[in-house]
Structures are given as C-alpha cells and as structure tokens.
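Here's the structure we're looking at; comments come further down.
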Amino acid sequence: KFKYRPNGKSFSEITLNNIEDAQKFLSTGVVCGGRNVLSHEEISDLKDSGLFTEKNCLDMLSILSHLYERLDNSEIN
C-alpha cells in the first residue's frame with residue numbers, strides 16, 4: 001500500500017528497508033525498555049526514581065499505536 005508515491009512511482013528499496021528496520025527496532029525497544037524492565041524491577045522504585053514514569057508508559061503506548069497502525073496497513077510479501 002505504501003510502496004508507491006502519489007504519482008505512482010515506487011519508493012526506493014533503501015527507503016522501504018529503512019522504514020522496515022525502524023519499525024523492527026522500535027518494536028524491540030518497547031519490549032526491552034518497557035516490558036522487560038517492568039517485569040524485573042519494582043514499579044514503585046522505577047517511578048519514584050524517575051527512571052521509568054507514567055509519561056514513559058504513555059510514550060510507549062504511542063509507539064505501539066504507531067506500530068499497530070503500520071501493521072494493519074501492511075501487505076504480505
């Protein structure tokens with residue numbers, strides 16, 4: 001769906017690969033920086049220290065929303 005410019009010409013493979021890589025790294029980052037951290041540390045310690053706050057959770061939800069939208073609009077190759 002997003003492989004083509006509005007004028008019908010294809011985007012370069014480099015551009016498409018960069019976007020795909022970015023989505024992969026964002027997904028990995030959310031798991032490593034969010035889920036794994038919250039599974040291994042006391043939430044109150046993370047919150048009280050400022051290392052991981054409610055705002056960080058909201059930011060990660062925004063990233064997840066973006067990734068799910070990209071997934072919903074993707075095509076199977």
Side-chain angles (χ1 to χ4, degrees):
K1 179 177 180 176
F2 295 110
K3 290 183 181 182
Y4 302 101
R5 301 170 191 269
N7 65 8
K9 292 184 180 180
S10 297
F11 286 105
S12 71
E13 283 297 314
I14 293 171
T15 296
L16 296 174
N17 288 338
N18 285 339
I19 291 171
E20 186 176 325
D21 284 347
Q23 292 170 187
K24 176 176 62 176
F25 294 134
L26 282 170
S27 299
T28 301
V30 167
V31 172
C32 291
R35 184 204 164 276
N36 289 350
V37 170
L38 295 174
S39 297
H40 297 248
E41 295 290 344
E42 291 293 324
I43 293 173
S44 61
D45 289 344
L46 292 167
K47 181 179 151 190
D48 293 344
S49 71
L51 182 62
F52 198 87
T53 65
E54 288 94 348
K55 182 176 181 324
N56 297 129
C57 291
L58 292 173
D59 291 342
M60 287 190 170
L61 287 172
S62 292
I63 292 169
L64 287 171
S65 175
H66 167 74
L67 291 170
Y68 273 107
E69 180 184 354
R70 299 297 295 195
L71 185 62
D72 284 343
N73 291 318
S74 66
E75 295 177 350
I76 297 174
N77 292 332

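Note that these values count all heavy atoms, side chains included, but never hydrogens, waters or copies made by symmetry. The first residue of the sequence shown is numbered 1, and numbering continues consecutively from there.
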Can you tell if the side chain of Lys3 reaches within under 4.5 Å of the side chain of Phe11, non-hydrogen atoms only?
no
Just one of Ile14, Thr15, Leu16 clears the side-chain contact (heavy atoms from CB on, under 4.5 Å) bar with Asn18, so which one?
Ile14
Heavy-atom closest pair (Gly33 atom, Phe52 atom, distance to 0.1 Å) is O-CE1, 3.3 Å
Indicate every side-chain donor-acceptor pair of residues 59-66 with a distance under 3.5 Å to a residue at least two apart or in another chain.
unit_1: Asp59; atom_1: OD1; unit_2: Lys55; atom_2: NZ; d: 3.2
unit_1: Asp59; atom_1: OD2; unit_2: Lys55; atom_2: NZ; d: 3.0
unit_1: Ser62; atom_1: OG; unit_2: Leu58; atom_2: O; d: 3.4

Of all heavy-atom pairs linking Leu67 and Ser27, the shortest is CD1-OG, 3.4 Å
How many angstroms lie between NZ in Lys47 and CG in Leu38, if you round to the nearest 0.5 Å?
12.5 Å
Roughly how far apart are Leu51 CG and Asp45 CG, rounded to 0.5 Å?
10.0 Å
Examine Ile19 and Leu26 and state if one hydrophobic cluster contains both, with Ile, Leu, Val, Met, Phe, Trp and Tyr joined whenever side-chain heavy atoms are less than 4.5 Å apart.
no
